[in-house]
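Along the sequence shown, residues carry numbers from 1. In listed order, ligands and their atoms are each counted from 1. Because the structure is predicted, anything quoted here is derived from the model rather than measured.
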Amino acid sequence: MSQPGTATDLLTVAPVVPVVVLEDVEHAVPLARALLAGGLPVIELTLRTPAALEGVRRIADEVPEIALGVGTVTTPEQARLAAESGAGFLVTPGGTERLLDAVEDTGLPFLAGVSTVSEALRLAERGHRAMKFFPAEAAGGAAYLKSLGGPLPELRFCPTGGITTRTAADYLALPNVGCVGGSWLTPRDLLAAGDWTGVADLARAAASLRTA
Ligand SMILES: O=C(O)C(=O)C[C@H](O)[C@H](O)COP(=O)(O)O
């Protein structure tokens, strides 16, 4: 698969976007390959570890068929660095005007995080129709997101934060949800053990979830 052209495309790449905290840069390429093998052609590496940007470079070079996102982008500088490192899309947990300007300046598709109606409207005013709902479970879960669909029917969301295999289906059943994000596919113990078959199995189960 190639990189998504728009944020709306991004919501349809797969039912689940695996959110990854990469501790060891050597895990990046086998991890991306395991997700692909399990049927998920998308990965989001969070900028939470020193290994993240080098992991992005390696995946961009060696696994170009996966849609490659960089998450936890919280500063304009990080947006620029992520783009230079080969990101195919960006994800932020929220957005200030400066951060959103910088993310838009990269020219990459992105999902900016919102958790209120006003934040969603602010992004809509900038022309965005696809966004992340974060922190999904803590902010009100699927019931909250369903309520947003009343006044904001044209907006589409990728809820992320606290979602598990058990709750993913509730979100995916909503008409304003394109995909969900979560770290449950890449648990720390499987990564530490290099258990790529285990990761592929989790990816396979997530890939079989159905959207509305
Ligand atoms: O890093 C970001 O940009 C975020 O906004 C947060 C992440 O998407 C969530 O922390 C993943 O959520 P969990 O599945 O609960 O681990």
>> Please evaluate residues Arg80 and Glu84 with respect to the criterion salt bridge (Lys or Arg N to Asp or Glu O under 4.0 Å), reporting the C-alpha separation (whole Å), side-chain torsions for both, the decisive distance (0.1 Å), and the verdict.
In response: CA-CA 6 Å; Arg80 281 188 290 275; Glu84 283 166 18; over 6 Å; no
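- Note on Glu119 versus Arg122: no salt bridge recorded, every NZ/NE/NH1/NH2 to OD/OE distance being 4.0 Å or above.
- Screening residues 170-181 for side-chain hydrogen bond (donor to acceptor under 3.5 Å, both in side chains), with sequence neighbours left out, gives Glu137-Tyr171.
- A heavy-atom distance below 4.5 Å is not found between the side chains of Leu45 and Val19.
- We find that Glu154 and Arg129 are not joined by a salt bridge, their nearest charged nitrogen and carboxylate oxygen being 4.0 Å or further apart.
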Could you check ligand 1 for N or O atoms lying under 3.5 Å from protein N or O atoms and list the pairs with distances?
residue, atom, partner, partner atom, Å
ligand 1, 1 (O), Arg48, NH2, 2.7
ligand 1, 1 (O), Thr72, OG1, 2.4
ligand 1, 3 (O), Thr72, N, 2.8
ligand 1, 3 (O), Thr72, OG1, 3.4
ligand 1, 3 (O), Lys132, NZ, 3.4
ligand 1, 5 (O), Lys132, NZ, 2.6
ligand 1, 8 (O), Lys132, NZ, 3.0
ligand 1, 10 (O), Arg48, NH2, 3.0
ligand 1, 14 (O), Ser183, N, 2.9
ligand 1, 14 (O), Ser183, OG, 3.2
ligand 1, 15 (O), Gly162, N, 2.6
ligand 1, 16 (O), Ser183, OG, 2.6

> When you look at Arg126 and Glu97, which way does the salt bridge (Lys or Arg N to Asp or Glu O under 4.0 Å) test go after all the steps?
Replying inline: CA-CA 10 Å; Arg126 295 177 75 113; Glu97 299 307 308; 2.7 Å; yes
